[in-house]
Enquirer: 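Below is one structure. I have some questions about it.
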Number of protein chains: 2
Amino acid sequence: MSESGDDAHPSGIPRPPTVKEVAERAGVSPMTVSRVFAGGANVRPELRTRVARAAAELGYRRNENARSLRPGHKSGLIGVTITNIANPYYAELQRGIEDAAAKANRRILVGNSNEDPALERQLVADFIGRRVEGLIVVPADPAHSEHLSPESVGTTPIVFASRPVPGLAVDTVLVDDVGGAYAATSRLLDEGHQRIAFLGTRTSVLTGQRRLQGYRTAHRDHNVPVYEHLVRTGQQEAAGAERALAELLAHEIAPTAVFSANNRNTLGAIRAIARFRSSVPADSPEVRLIGFDSFEFADLSPVPLSIVAHDPGALGRRAAELLLARIDHPTQTKSAQTVELPVELQLDPRAPE
Amino acid sequence: MSESGDDAHPSGIPRPPTVKEVAERAGVSPMTVSRVFAGGANVRPELRTRVARAAAELGYRRNENARSLRPGHKSGLIGVTITNIANPYYAELQRGIEDAAAKANRRILVGNSNEDPALERQLVADFIGRRVEGLIVVPADPAHSEHLSPESVGTTPIVFASRPVPGLAVDTVLVDDVGGAYAATSRLLDEGHQRIAFLGTRTSVLTGQRRLQGYRTAHRDHNVPVYEHLVRTGQQEAAGAERALAELLAHEIAPTAVFSANNRNTLGAIRAIARFRSSVPADSPEVRLIGFDSFEFADLSPVPLSIVAHDPGALGRRAAELLLARIDHPTQTKSAQTVELPVELQLDPRAPE
DNA sequence: CTGTTAGCGCCTTCAG
DNA sequence: CTGAAGGCGCTAACAG
């Protein structure tokens, strides 16, 4: 057991014990203490126990910061910048990153950029200052990402998760946004829908752009024109999506189906459709809805909801693995790669066909 | 702009530049470089710019780990142990912690204990080794928490979030579990229900125990006996809760109402009730449901769902504030305090009365 | 098997 | 205004 009151000899505040103090108490040199904590090889058993006891009594812990200062040592830290951890999608992403990092005996430093590139820049600078071994970043804004360029981060390896940054040669892990949006939209077109609303985030988020692209390409391939008034971008939160779709449903050229490009927009869409349905005759045709992103409550949705599902945890794990590969082989200058993770179209059992 | 290839003079791998290298390049002493980065007071403007240029060219960043080694300096880190960040509840908790920590210019190290005390112990040991200024812990198991005692963590301040650990004199932030469960159960009893099911986690999670206590006390105060077969604990995930409630609903003494003690159990309860309802005549009486924990989809639930709502973000913020207070006044030995955050019973508009 | 020396990157202290 | 010396905690490398 350790003693409670850590000694505060000279200064006012208590400082954790050091090798030197342990050595003194055990009647040995600091080196011997160091050796014991390094595994105890080449130390007489008697000294070993004496040191162990002294250390326990003082509550000694090796100072990792001091250790990582020595040549050849690394910090064991990975810096993670997420746009908003309160979004369950990113929570799972973080979980995946941490799982993979922990396997490689690394700890993660986490910061929310809140979609603000300036904050993101600060976080990255701070992380580098702490000598993280690598960075995993969900880029807030591709238009303001100079601080994420390989030149800016110097020797620190970096991986982008979930969103690309065009123009930067950096390893990136994405989901198959284009393919998923294409599949979902195609499905709706195949069902005969001609007026399909698109609900998405602001287009500066490239993931949203890619999903819109899939939506457009599907229309083109099916020779169905896109009604531009049905394309609504810029909704970052559910409330905005609900308003946007409510407007569309009240429009004289209303959509008969909806593709929502992320989980926030899907949530708003469900609310809008549910509300709309209670305002029209019960035998009115159902508004079809397919949403991008897995959705824990899909089966409980009051309106049939099909999903373009994918696994954010796997994305995080993959990003961490790419990063760790760069960390372990810093000399190999393999060029930047982009990985696209597959998606799966999960149809609501209530869906037609 | 910085040069790309950082020099790797002696060893094989590239090492980030140091004050010394910047000094050399700028033709000054390391001290001058240090002064410039400390704000540049008492440095001739000309030297200031020369140093700044040299630093930029080399891509120099102050090494915070080395800095924190100096007497009086702290690491600027806070260690956070969460049981499972993939649970949206804890994601918001983390968000709250980080917001408060960032305001105090601290960064957070995060680890998932996965409800495993051994893992938790390792994480805490690691964090202390990195000289975090404080710890915020969601305790995995109160029965195995010696590593969280003030003696074990030495001088590192610690705060428990969301769950208490009886017997340890440690600052703790909780929600009003007992009061919330009492209010919810009382509401159901007041509505005339006599057979109210309880769905909760394993009772080693004390938060679950406290909520069960509120449920029992409400029964006692209303002179209604608790049907023990209706008390089902041990469900950590939604699937288990769904099974448990399905069994109860099929029981000959079936519940007419349900109090579910956390968001996972609520989700399972919704599924069970929805499924059950489709198997009985449409005019059968509704099974009433009140769930603890805020629930983003409450308004979309296919069965009326009232909620004992609270704000996990606020809980995180509060925990961080308590911790920072201890950090800033390490000498003040104010005794450990427990803060209980209020809850609010939010009735579903579809609920009776 | 054990101790001494020296230095990781930085900055406080004290001379110039 | 600038630099030299020394030490924060730890451990390789080299004696003994």
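Each chain gets a letter, A, B and so on, in the order the sequences are listed, and its residues count up from 1.
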Enquirer: Hey, could you give me each pair passing side chain to side chain donor-acceptor pair (under 3.5 Å) that has a residue in residues 138-148 of chain A? Not counting sequence neighbours.
Expert: E120(A)-H147(A)
Enquirer: Under the rule for salt bridge (charged side-chain N to carboxylate O under 4.0 Å, His left out), what residues qualify as partners of R67(B), not counting sequence neighbours?
Expert: E64(B)
Enquirer: Polar atom pairs between nucleotides 12-16 of chain D and protein, under 3.5 Å, N or O only, would you list them?
Expert:
none

Enquirer: Using whole Å, report how far NZ of K74(A) lies from C1' of dG9(C).
Expert: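 It works out to 17 Å between those atoms.
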Enquirer: Going by the rule salt bridge (charged side-chain N to carboxylate O under 4.0 Å, His left out), which residues pair with R107(A) if we only count those two or more places apart in sequence or in a different chain?
Expert: D126(B)
Enquirer: Within less than 4.0 Å of OP1 or OP2 of dC1(C), is there a side-chain N or O belonging to N42(A)?
Expert: yes
Enquirer: How close or far is atom C1' of dC10(D) from atom CD of E21(A), stated in whole angstroms?
Expert: 14 Å
Enquirer: Is there any salt bridge (Lys or Arg N to Asp or Glu O under 4.0 Å) pair reaching into residues 152-162 of chain B, and which pairs are they, with sequence neighbours excluded?
Expert: none
Enquirer: By ring-ring contact (aromatic ring centres under 6.0 Å, His included), which residues pair with F37(B), not counting sequence neighbours?
Expert: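 F37(B) satisfies ring-ring contact (aromatic ring centres under 6.0 Å, His included) with Y60(B) only.
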Enquirer: Find the distance N63(A):CG to dC8(C):C1' and express it as a whole number of Å.
Expert: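 That distance rounds to 13 Å.
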Enquirer: Within this structure, what is the CZ-to-P distance between R48(A) and dC1(C), rounded to whole angstrom?
Expert: 9 Å
Enquirer: Angle between the two end axes of the helix from dC1(C)-dG16(D) to dG16(C)-dC1(D), five base pairs per end, rounded to 10 degrees?
Expert: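 The helix from dC1(C)-dG16(D) to dG16(C)-dC1(D) shows an end-to-end axis angle of 50°.
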Enquirer: Under the ring-ring contact (aromatic ring centres under 6.0 Å, His included) definition, can you give me all pairs with a residue in residues 150-172 of chain B, not counting sequence neighbours?
Expert: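 Qualifying pairs, neighbours excluded: none.
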Enquirer: Assign F37(A) to base, sugar-phosphate, or nothing according to its heavy-atom contacts below 4.0 angstrom with the strands shown.
Expert: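 Counting heavy atoms under 4.0 Å across all strands, no contact is made by F37(A).
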Enquirer: Taking only residues two or more places apart in sequence, or in another chain, which ones meet R163(A) in a salt bridge (charged side-chain N to carboxylate O under 4.0 Å, His left out)?
Expert: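 Result, salt bridge (charged side-chain N to carboxylate O under 4.0 Å, His left out) vs R163(A): E115(A).
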Enquirer: When you check the phosphate oxygens OP1 and OP2 of dT11(D), does a side-chain N or O of R62(A) lie under 4.0 Å from one of them?
Expert: yes
Enquirer: Can you tell me which nucleotide in dC8(C), dC10(D), dT2(C) comes closest to the side chain of P71(A)?
Expert: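 Taking heavy atoms from C-beta onward, the closest nucleotide is dC8(C).
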Enquirer: Quickly work out the L69(B) CG to dC11(C) P distance and round it to whole Å.
Expert: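 Nearest whole value for this atom pair: 11 Å.
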